[in-house]
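Counting starts at 1 for both ligands and their atoms, in listed order.
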Amino acid sequence: MVFKALVVDIDGTITNHDRTLDLRVAKKFRELRVPVILSTGNPLCYVHAVARLIGISGMVIAENGGVVSTGFDSSSIIADGMEECEEAYELLSRYFDLVKLDATYRKTEVVLRRGMDVSQLREIVEDNGMGVEIIDTGYAVHIKNSNMNKGTGLHTVAELMGIQASDFLAIGDSCNDAEMMREAGLGIAVGNADDEARQAASMITKASFGEGTLEAIEYALSNGLLE
Ligand SMILES: O=C(O)COP(=O)(O)O
Ligand SMILES: [Mg+2]
């Protein structure tokens, strides 16, 4: 199997320990012959800036699959469900002191600064029958629509590109990458990955962060899985 494209998470996967971009990974992406699609929990403007500065496609997955952009200057596919996320946020705010992140830019998720016990948040939304999901990526807590994730986003991108989700090699580090890694033809987790990402992956690199992504790409190239 030769993969036709790469789908890669940002935070914890192409970044260093301090969240700066690993420039060796950026260079490697430019050298690959296959398209590299960024897939992240961050808002679209953030991902577009990262993609532009790396020099790769503006077709990206943002907000954990809630937003799929067809390119830098073209339209986006935006999922429903923001109202439910806002309702859950209003309810949770009665119990916790919450701080929203990137609220101006987000279209489908409410994202919070970490630091609270996420299982308590989940319990409250479940007890109130709210159809939202709460995930902690290690970088932020996301209140999101449970019907969309990076896996559904990957199917949308694959369709736009005229290929299958299984034609992708996926690399990630966190619970929000699990569905994407399962839907892809091969999922590789970097060494710093959390338990959910490790379980979803078929392979885990020895190295962590950007170094792990370089290891994953090297593995794929030397085994004829990527060109
Ligand atoms: O938005 C987050 O919480 C993490 O971002 P990521 O999906 O690029 O790792
Ligand atoms: Mg990540």
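- On a distance-only criterion, Thr40 and ligand 1 share at least one N/O pair closer than 3.5 Å.
- Checking only distances, Asp177 never comes within under 3.5 Å of ligand 1, N or O to N or O.
- From Glu218, atom CD reaches atom CG of Asn223 across 10.5 Å, with rounding to the nearest 0.5 Å.
- Within the cation-pi definition used here (under 6.0 Å to the ring centroid, within 45° of the axis), Lys100 qualifies as a partner of Tyr89.
- Under 4.0 Å is where a charged nitrogen must lie from a carboxylate oxygen, and between Arg106 and Glu109 at least one such pair does.
- The N, O or S atom of Asp173 with the smallest distance to the Mg ion (ligand 2) is OD1.
- From Ser174, atom OG reaches atom CE of Met180 across 10.0 Å, with rounding to the nearest 0.5 Å.
- Summary of contacts: the protein heavy atom closest to atom 9 (O) of ligand 1 is Asp9 OD1, 2.7 Å.
- Under the 3.5 Å distance criterion, with hydrogens and angles disregarded, no donor-acceptor pair is assigned to the side chains of Asn145 and Asp80.
- For Asp9, the N, O or S atom closest to the Mg ion (ligand 2) goes by the atom name OD2.
- The cationic atom of Arg19 (NZ for Lys, CZ for Arg) does not lie both less than 6.0 Å from the six-membered ring centre of Tyr139 and within 45° of the ring axis.
- Taking 4.5 Å as the limit, some side-chain heavy atom of Leu32 sits within range of a side-chain heavy atom of Leu6.
- In terms of polar-atom proximity, defined here as any N/O pair under 3.5 Å, Asn176 does make such a contact with ligand 1.
- Per-residue contacts place Thr137 under 4.0 angstrom from the following atoms of ligand 1 (heavy atoms of the residue considered): 2 (C), 3 (O), 4 (C).
- Checking only distances, Tyr139 never comes within under 3.5 Å of ligand 1, N or O to N or O.
- Under a 4.0 Å criterion applied to the non-hydrogen atoms of Ala140, ligand 1 contributes the atoms 3 (O).
- Atom 5 (O) of ligand 1 has its closest protein heavy atom at Asp11 OD2, 3.3 Å.
- Of all N/O/S atoms in Asp11, O sits nearest the Mg ion (ligand 2).
- Under 4.0 Å is where a charged nitrogen must lie from a carboxylate oxygen, and between Glu126 and Arg122 no such pair does.
- Between Asn64 and Asn176, the side chains place a donor N or O and an acceptor N or O closer than 3.5 Å (distance only, hydrogens not considered).
- Near Ile10, meaning under 4.0 Å from any of its heavy atoms, are these atoms of ligand 1: 8 (O).
- Shortest contact from atom 2 (C) of ligand 1 to any protein heavy atom: His142 NE2, 3.3 Å.
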